[in-house]
Structure formats: structure tokens, C-alpha cells
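Structure first, then comments.
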Amino acid sequence: MDAVRTRVAIVGAGPAGLLLSHLLARAGIDSIILDARSREEIESTIRAGILEQGTVELLDDVPGSRARTVGSRHDGIELRFDGVGHRIDFAGLVGRSVWLYPQHEALRDLIAARLADGQDIRFGVTAREAVGAESDTPTVIATTLDGEELEVSADFVVGADGSRSVVRTAVCGSHGGHFREYPFGWFGILCEAPPSADELIYSNSPDGFALISQRSPSVQRMYFQCDPDADPDALSEAQIWDTLQRRVPGATLHEGPIFKRDVLRFRSFVARSLTRGRMAIVGDAAHTVPPTGAKGMNLAVADVVLLAEALESLLSGGDASLIEIFDERASARIWKAQHFSWWMTSMLHAVPEASDFDRRRQLGELRTVVESEAGSAYLAEAYTGWPL
Ligand code: DHB
């Protein structure tokens, strides 16, 4: 058994864990990050692509961040329904924007910057258990790639270890939290084609939802609503294109070879509590949102900003007051983002058992949003992100 000691043990080298280590290092607080995955796996996993303005501003402080150079600024989105597209002008409505920059690219930047700064990141090390939340020395017990046991003891343990978090078990026990499932998922593709539009298209159609997103001038990301148990390999490319074209009535998508397909499940979840003694959970370990509106990574970043501030005052100033209210402060934004993600989802998707009334009401809701400046401004404010 090997044992190491640090000030903050962080489980998970995703956006939350890496950004936390960056903010802690800025405050002179050392940390060790453990992740069961290899660096290559972390850097190649395809996730969402939209960064809120506040997320990009935080990444500006990470040396070498390419969010503004390789990523592209989007000043609006299109909401499409009844065969007509309506632009929501973020810049005009709220003076803010978002950046299209795939999460794995942001992870590449963060990992490179943290390693260059001397950050201790242990890839391929699986946390099995977190113990001692109520003690002064909370500890993570892990297994290395060679099967050796590793104990990381710290002044504080943070679970940034995703939806199957082991730290969450130490914080909340086996009582879950607040949970909701949805009767659909997204069929996602990456294809080689030019962009079909300058901005993202969120399309409500009688057959169901589609999202036309982008990755680069020659690679596009698109999604369409599907059965949550759909088999990604069951459809031919022609069937996929036929479905996508029908879901975006009034527009014509540029087609091209599909080189990646996946099915995303929809869930909403918030853990019962985010802290216990000297442990806290952030990001997907603490909550899950459905993907519509791309709040997942942005919400993780917002948690981390609050937690870094609380840990700095605890570990450098001996003041526990911010840690004591971390759950309450983080939850305020988490529930706003839960509402926004649920709202975008329910406004845009076709619910399998919807009645004619439900369908007409949904179109009335969409019309309210695009025809009312107040309605559009709410969408713009939430999508581009509330101030951090
Ligand atoms: C993407 C994903 C989303 O969930 C979203 O709302 C917008 C964009 C994407 O992967 O590009």
C-alpha cells in the first residue's frame, strides 16, 4: 500500500476537477487529482460543445486555452417550429454570447496547462471509497493500474467523479436525491459535411425534436429525439438523414458520411446534499441535467467557482462559513439550470403520449417565447449563463 498526503484530494479529471485544481493552485493550495481513465480516453470522449460566456472568461485565465481561437462565438440560436425559423438574438437581448468549443478540446487545454504547472494528476487510478468525512483527515482509497492500493489523505476531499461518483456515496449515503426520467433520448451523429447553418438550430417538429450543431467547417454534430433504448447501429445512414431532414422542416441539411453515432439518455438529478464535513461533490457527481441547452459542463464550472472560494477561506483562512453555505449557494443555480434544461426539453420535444391539446399548447409556448421580447430575453439570459 502506498500513501500520499495533499491538501485537497480531487477525484475526477473532468472539467470540474481540473478547473478546481487550477483555481486552488492560484490560491497557493496543493491538490492531487485521481481519475480511473487514461489521459487519451479523457481527451477523446465526445461531449457537448457550448460554453457560456462566464465559462470562457474563466478559461481565459488558463494558459494556452484555445476556446476563443479554435472555438467560435455564437451570438444567437434559431428556434424552429411550424416550418419557420426564429432567431433568438443573444447579443441584442442580453449583450452576452456563447462559444461553440467541444468539451474534449477544453479538457485538452486544461490537462496540458495543469501538467505544465506541475499539477499531480494520477491517470488510471480508480477511487474505490472515500472515508473520514467527519474527521480532519478525509481519505480516498484507490487502486492503481498495477492493482496496488493507494491512500490519498487530505484536508478536504472533492468528488468531481461524474454520475457514478464514489464520493457521493460518502456524502449522501445510498439515499439518492431528486430524480426525474424522460421518455426519450437523443440519437447523436458526427458527420463530414459543411455546416448547414451559421448558428445552432433547435427544431420542434410533429415527428420530434432535432438539434443541428457544428464542430468545425468540415465536421458537424447533429442530434434527433429517439427512443431511450434505441440501438445506435440499427439505422442506415439514409434512414438517419431522412429522419434529420424531416425533423427540420423548411430547411435543407448538408449531408455527408457519418463517422460516429451514439444514444444519450435523459435524466434530471440533484443529490440530496452536496457536502458532509470535509467532503463535497460537484458537477455530474452532484447533479445531472438533460442535454437540451447544454448546461452540464457550465453548471460544473459554476459549482467549482463557489467551492474554490469556500476552500480557500477554509484552508488558508481557517474560516468554515463559506463551506457551510456551499450547498445552499450552489443549489440556487443548480435548480435554475434544472428548470431551464427541463423547460427547453419539454418545450421542444414531442412527448409520445401527447394529446392534440398538448401539441397546440406547446406551439403556443414557442410562439410566446419568440414573439415576446421578455420571453426571448429569458431564454437568452439562461442560455448564455447567469453571472458567476
Ligand atoms: C450541443 C449539445 C447540446 O446539448 C446543446 O444544447 C447544444 C449543442 C453540441 O454538442 O454541440
Side-chain angles (χ1 to χ4, degrees), residues 14-15 44-53 55-56 67 70-80 85 87-88 90 96-107 163 182 184-204 208-226 228 232 244 247-248 253-254 258-268 283-284 287-301 337-349 369 379-385:
S44 60
T45 305
I46 310 277
R47 304 290 288 271
I50 292 288
L51 304 184
E52 292 176 2
Q53 179 160 328
T55 300
V56 171
V70 174
S72 54
R73 196 184 79 216
H74 283 225
D75 293 334
I77 56 166
E78 179 178 292
L79 282 190
R80 178 168 283 270
R87 183 166 189 261
I88 308 289
F90 297 157
R96 292 171 76 78
S97 302
V98 293
W99 271 256
L100 184 84
Y101 187 53
Q103 180 169 320
H104 68 274
E105 297 290 353
L107 285 171
S163 56
Y182 298 78
F184 38 75
W186 277 1
F187 194 113
I189 62 157
L190 280 168
C191 67
E192 281 165 46
S196 292
D198 293 338
E199 295 179 337
L200 271 59
I201 304 175
Y202 286 80
S203 180
N204 167 289
F209 172 72
L211 170 60
I212 309 308
S213 183
Q214 299 135 12
R215 285 295 177 264
S216 72
S218 56
V219 173
Q220 311 310 319
R221 180 75 162 145
M222 304 184 191
Y223 305 91
F224 62 87
Q225 176 184 347
C226 67
L244 278 164
R247 298 279 180 97
V248 194
L253 304 175
H254 294 304
I258 295 169
F259 62 90
K260 166 110 189 135
R261 22 168 110 198
D262 47 13
V263 170
L264 279 70
R265 294 185 76 93
F266 271 52
R267 289 185 316 136
S268 297
D284 284 357
H287 42 69
T288 307
V289 291
T292 331
K295 280 284 162 265
M297 170 172 166
N298 295 295
L299 197 52
V301 164
Q338 285 292 358
H339 169 68
F340 177 69
S341 306
W342 168 88
W343 175 68
M344 287 283 280
T345 300
S346 63
M347 179 168 67
L348 287 161
H349 289 70
V369 171
L379 196 159
E381 186 184 278
Y383 196 101
T384 57

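All ligand and atom numbering here is 1-based and tracks the order in the structure. These values consider heavy atoms only, across backbone and side chains, with no hydrogens, waters or symmetry-generated copies.
Taking the centre of each ring, Phe266 and His349 come in below the 6.0 Å mark. Residues Tyr383 and Phe90 place their aromatic rings such that the two centres sit under 6.0 Å apart.
By the 4.5 Å heavy-atom criterion applied to side chains, Ser196 and Met222 are counted as neighbours. Here the side chains of Leu100 and Leu51 are not in contact, with every heavy-atom distance at 4.5 Å or above.
The backbone and the side chain of Pro291 each have at least one atom closer than 4.0 Å to an atom of ligand 1 (non-hydrogen atoms only).
Salt bridge status for Asp284 with Arg47: present, with a side-chain N to carboxylate O gap under 4.0 Å. In summary, Arg96 and Glu381 do not engage in a salt bridge, as defined by a charged side-chain N under 4.0 Å from a carboxylate O.
When each atom of ligand 1 is checked for a heavy atom of Ile50 under 4.0 Å away, the hits are 7 (C), 8 (C). For ligand 1 and Leu200, the ligand atoms under 4.0 Å from any heavy atom of the residue are 7 (C), 8 (C). Interface of Gly293 with ligand 1, defined as ligand atoms under 4.0 Å from a residue heavy atom, comprises 6 (O). Against a heavy-atom cut-off of under 4.0 Å, Leu211 is close to the following atoms of ligand 1: 3 (C), 5 (C), 6 (O), 7 (C), 8 (C). Taking a cut-off of under 4.0 Å to the non-hydrogen atoms of Ala48, the atoms of ligand 1 that pass are 2 (C), 10 (O). Per-residue contacts place Arg215 under 4.0 angstrom from the following atoms of ligand 1 (heavy atoms of the residue considered): 9 (C), 10 (O), 11 (O).
Looking from atom 11 (O) of ligand 1 to the surrounding protein, the closest heavy atom is Ser213 OG, 2.6 Å.
Residue Tyr223 holds the heavy atom nearest to atom 10 (O) of ligand 1 of all those in Tyr202, Tyr223, Trp186.
Inspection of the Thr292 and Tyr202 side chains reveals no N or O donor paired with an N or O acceptor under 3.5 Å.
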